[in-house]
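Excluded from the calculations below are hydrogen atoms, water molecules and symmetry mates; all remaining heavy atoms, backbone and side chain alike, are included. Ligands are counted one by one from 1 in listed order, and the atoms in each one are counted from 1 as well. Along the sequence shown, the residues carry numbers beginning at 1.
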Amino acid sequence: MVHYNRISLLLLLSLCLTGTGRGQSAPLPAAAAGSSSIRLNQLGFYPNGPKIAIILTDAGGPFQVTTPDGKKVLFSGTLSEARKNSISGKTARTADFSAFRTAGTYVINVPGVGQSYAFTIKQNIHRDLASGSLKGFYYQRASTSLPEKFAGQWHRPAGHPDNQVLIHPSAASASRPAGTTIASSGGWYDAGDYNKYIVNSGITVGTLLSLYEDFPDFCKQLTANIPESGNRLPDLLDESLWNLRWMLTMQDPADGGVYHKLTNPKFDGMVMPDKAKPDRYVVQKSVTAALDFAAVMAQASRIFNAYNRELPGLSDSCKTAAVKAWQWAKQNPNALYDQDAMNKAFDPDVVTGTYGDRDASDEWIWAAAELYLTTKDDAYYTAVNLFPDDKTPLPSWPQVRTLAYYSLARMQRQLTPRGQQDLPKIKAHIMQLADQLRQDVSRQAFQTPMGKSASDYIWGSSAVAANQGIALIQAYRLSGEKSYLEAALSNMDYMLGRNAVGYSFVTGFGHKTPMHPHHRPSVADGIDVPVPGLLSGGTNANAARQDKCAGYTTTIADEVYLDADCSYASNEIAINWNAPLVYLATALEALQDKLSTGNTRK
Ligand code: 9MR
């Protein structure tokens, strides 16, 4: 690291044309690349968009944007005033080079601090990430081989055929006694483990389908080199169908109930899918599974209605499945999934992910809204209290209420008069969430909505950032106010490196990325680099207590992250985290032209 005294700093400062210099300034002394004190989106920036890096330094002074060899100075500026990180107490300053718009690859040089990773300014800066994170789902496919043509070096044989899945005693019924089998192939592995869970599939597929409904034209151009690429469906829908078709097999045709999950009794070891051989079970039907299933199937029905020629009957099947699941839920409103109680009553014990939830009121709201939108039947709308309080909770797997508001606002032109009455309220809920997120961002050390509160740093916090981004995109779509779009973009910057740990949390995208995610194929495949396009759960204040992995070095909430495969509480990947990443990357790509100054309407 190079150090400067005050006088030489002033001298350097006087050489620079603050904020406007283009090529006129002399290069500041170059430092080694990849300074850990310069945090920025490690992919780069849109030419017409905001561009900032966060510098972890007490000292103010100049900075430059230069060619990667440091020889040509393209832009000179001055670091902002110091801001204190309210979580860690550390000092940060901003290097703002938004005014520099020329496409190319550059570094930032800050005397006394160092030089950043190389980054690029160009159109479509997140395009590869959008398709790469969609491709991440392909790599999660169960019951199929991944040929080299699509999976590159991560090709692998099929695992978990799931064509003879046992009915667990907790799920036994007259037509399906315990120990009999059903076929339930396909779907995505949930995460770093190989089990398949309906609740988590719900928000995941719902998020991907909502992306399609929000940006249909753009999504038709999004390709991911999957086996279905080139057919008449967009890749986003083809990939979603891989899981949707599996979800359909999780419904008991006899009564419409939906099994909570398809799972081993215990987690597999860190082996490749084809090496995992334990028995697989479907377990107890649950009300949360039924309602999440109903919501997603209703949404799928209206989307695939436009593809009746390619997929005859699918739209109708989805609608029928949704209605039957809803009716089952009405008859079984107390069938919450309680794994401990289940294990007391039945064998074998099941100790894999629970996705347990003691409150299904939000699942009722989401299912009711989607069924209403698809059927136009007011009876669904009035079956629940859509507004139990004035909150707008950020979507997550146990809390799906706001997904209902998103869909109702998106489909506002198709509401019945009953729904129309509530439209102002629905919009107000979404705007209230976005306003909370946008508020005070400029006072934050990292200038992002993510991390304003230490409570953002939970298990899967990267998806908190992504889901905040989606909320802000929704607000932008409703209001046309560019500041929401910019705030959404800043959370993407967070995910790609502008954060307190300096990692881009997406495997394969950025300079400093997770190399050891808790992801069985990435651990077991013998390939150094992990499967790409997967979002690590990221910083989690309680990770050390939760996974007991050795190696955490701090308890500061926004810094607890460990790139080790034992760190399943901070470094696993999961489908419900990848989906909002796909959403945000794609939405930003679709809206990038709206970032221009003076263009504030959508
Ligand atoms: O994402 C889930 C997180 O909200 C919970 O706190 C955590 C512990 O219950 O479980 C997470 O979900 C995991 C699931 O149970 C099993 N597959 C891996 C998931 C991601 O870690």
Original post:
Does some side-chain heavy atom of Asn195 sit less than 4.5 Å from a side-chain heavy atom of Leu262?
Top reply: no

Nitrogen or oxygen contacts under 3.5 Å, ligand 1 side and protein side:
from	atom 1	to	atom 2	distance (Å)
ligand 1	4 (O)	Trp397	NE1	2.9
ligand 1	12 (O)	Tyr355	OH	3.3
ligand 1	17 (N)	Asp190	OD2	2.9
ligand 1	17 (N)	Asp193	OD1	3.0
ligand 1	21 (O)	Trp459	NE1	3.0
ligand 1	21 (O)	Glu572	OE1	2.9

Subject >> Enclosure of Gln164 CD (heavy-atom neighbours >12, cutoff 6.0 Å) >> reply: no

Original post:
Does the distance from a Lys or Arg side-chain N to an Asp or Glu carboxylate O, for Arg410 and Asp214, drop under 4.0 Å?
Top reply: yes

**OP:** Quick one: list whatever passes disulfide bond (SG atoms under 2.5 Å apart) with Cys219, sequence neighbours left out.
**Re:** none

Subject >> Ionic contact status for Arg141 with Glu228, cut-off 4.0 Å >> reply: yes

**OP:** Decide, yes or no, whether a salt bridge links Lys285 with Asp252 under the criterion of side-chain N to carboxylate O below 4.0 Å.
**Re:** yes

